Amino acid sequence: MPELPEVETIRRALAHNLSGLRVVAVRGRSISMRRPLEVETLGEILPGRRFLEPRRHGKYLLLDTDPPGALLVHLGMSGRLMLVGPEVAVLPHTHITLVLENGYELRFVDPRRFGHMTWLDPGAESGDPSLAGLGREPLDDAIDTWLPPMLKRRRGPIKTLLLDQRVVAGIGNIYAAEALWRAGIRPTRPGRHISLERLALLAREVRRVLIEAIEQGGTTIRDFATPDGDFGYFAVRLRVYGRQGQPCPECATVLRAKVIGGRTTAFCAHCQR
DNA sequence: CCAGTATCCTGCAGGC
DNA sequence: TGCCTGCAGGATACTG
């Protein structure tokens, strides 16, 4: 579900409403996830710690604490965080609840269990398997200088390269499709067969679409919501994602879809070459 | 080494 | 109405 703009939207909400609060208790049940969720371990570590300003790298959230350490959160496809009062009904698939000193609860809900929540001791970040090797941030305004050479060097369809978190961190299926449409590039085209000029344009479109999506609070397709329950409004601005069979907003050619890198990708065969 | 596929899991939409 | 299939915003292990 959540790509960079959604995770950033969550981060901002938490910066506002979670920073400064202390954990008083941890509730939940350990469950097998992509990385094991050790509720007992978190129950020993977290109580007494205060949340600082959260950080984000790609689709990962880093909830720094004092005393030092960080809760690493990835939301996978269906994960969400809720920051709510105890009177709010507990959703199915709520795997862990952090009770805060003000009575509010930070809940990690993830039906499909592709996400995870892991504790990182100080210094463990650089050696963490999820974080090590993560690419640079696409919001960087110099992206059009460093991304094109990387795309040029790798093999495979440009769409697959954009989704590779080691190349650039945070792009998922929605924004890859949108950026490629904006840049007029066919998702199947091998990255190394695209000129540096067009790749620079693509890099700028990647950055632009992510920034616009953040401004709209992310994209709610089905169930994305901030910890406070707000939805994202970028869905109305999607031009190709999920719109196969409908006319291209630019030229009215019927949009097609093709599976690339195991993911359905919509594109306009006329505008994207 | 590379690219492509299978897999983890639940929920939901669509077809019959 | 109900059953079945396929697909979903991600990441990674495996196959050939």
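Keep in mind that the numbers below use all heavy atoms, side chains included, and drop hydrogens, waters and symmetry copies. Each chain gets a letter, A, B and so on, in the order the sequences are listed, and its residues count up from 1. Not measured: the values here are computed from a predicted model.
- A/Glu212 pairs with exactly one of A/Arg239, A/Arg182, A/Arg207 by the salt bridge (Lys or Arg N to Asp or Glu O under 4.0 Å) rule, that one being A/Arg182.
- Atom CD1 in A/Ile221 sits about 16 Å away from atom C1' in B/dG11, given to the nearest Å.
- Within 4.0 Å (heavy atoms only), A/Tyr241 reaches sugar-phosphate atoms of the nucleic acid but no base atom.
- Not one N or O on the side chain of A/Glu3 forms a donor-acceptor pair closer than 3.5 Å with the backbone of A/Lys59.
- Rounded to whole Å, the P atom of B/dG14 lies 16 Å from the corresponding atom of C/dG9.
- Looking only at distances, no side-chain donor or acceptor of A/Arg256 sits under 3.5 Å from a matching main-chain atom of A/Phe267.
- A/His95 places its NE2 atom 10 Å from the C1' atom of B/dT10, with the value rounded to the nearest Å.
- Near DNA chain B, meaning a heavy atom under 4.0 Å away, there are no residues from residues 254-267 of chain A.
- Rounded to whole angstrom, the span from the CG atom of A/Leu4 across to the C1' atom of C/dG9 amounts to 13 Å.
- DNA chain B is contacted by both A/Arg155 and A/Arg222; A/Arg155 maps to the nucleotide lying nearer its 5′ end (nearest heavy atom per residue).
- Checking each of A/Asp228, A/Val73, A/Leu75, A/Leu83 against A/Ile10 for a side chain to side chain contact (heavy atoms under 4.5 Å, CB included) leaves exactly one that passes, namely A/Leu75.
- One atom, CG of A/Leu238, and another, P of C/dG9, lie 12 Å apart when rounded to the nearest Å.
- With rounding to whole Å, A/Leu91 atom CG is found 12 Å from B/dG11 atom P.
- Of the candidate nucleotides B/dT10, C/dG9, C/dA11, C/dA11 has the atom lying nearest to any side-chain atom of A/Lys59.
- Per the geometry, CG belonging to A/Asp110 stands 12 Å off P belonging to B/dC9, to the nearest Å.
- When atom types are taken as modelled, the side chain of A/Thr265 and the backbone of A/Arg263 share a donor-acceptor pair closer than 3.5 angstrom.
- Put simply, CD1 on A/Ile211 and CG on A/Leu4 are 10.0 Å apart, with the number rounded to the nearest 0.5 Å.
- Atom name P, nucleotides C/dC14 and B/dC9: the rounded distance is 15 Å, in whole Å.
- Qualifying side chain to side chain donor-acceptor pair (under 3.5 Å) partners for A/Arg136, counting only residues two or more places apart in sequence or in other chains: A/Asp140.
- Look at A/His93 and you'll find a side-chain N or O under 4.0 angstrom from OP1 or OP2 of B/dG11.
- Here the side chain of A/Glu38 pairs no donor or acceptor atom with the backbone of A/Thr118 at under 3.5 angstrom.
- In the interface, the side chain of A/Arg112 is paired with the base of B/dC9 through a donor and an acceptor atom under 3.5 Å apart.
- The side chain of A/Phe114 sits closest to B/dC8 out of C/dG9, B/dT10, B/dC8.
- Note on A/His74: every side-chain N or O is 4.0 Å or more away from OP1 and OP2 of C/dG10.
- Formation of a donor-acceptor pair under 3.5 Å by the A/Gln272 side chain with backbone atoms of A/Cys268 is found in this model.
- Contact check, A/Gln165 against C/dG10: no side-chain N or O comes under 4.0 Å of OP1 or OP2.
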Handout entry: Pairing pattern in dot-bracket form [Watson-Crick, G-U; both distances under 3.5 Å; | = partner strand] for DNA chain B
Key = .|||||||.|||||||

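- The distance from atom CD1 of A/Ile174 to atom C1' of C/dG10 is 12 Å, rounded to the nearest whole Å.
- A salt bridge links A/Glu101 with A/Arg50; the closest basic N to acidic carboxylate O contact falls under 4.0 Å.
- A/Met77 places its CE atom 15 Å from the P atom of B/dC12, with the value rounded to the nearest Å.
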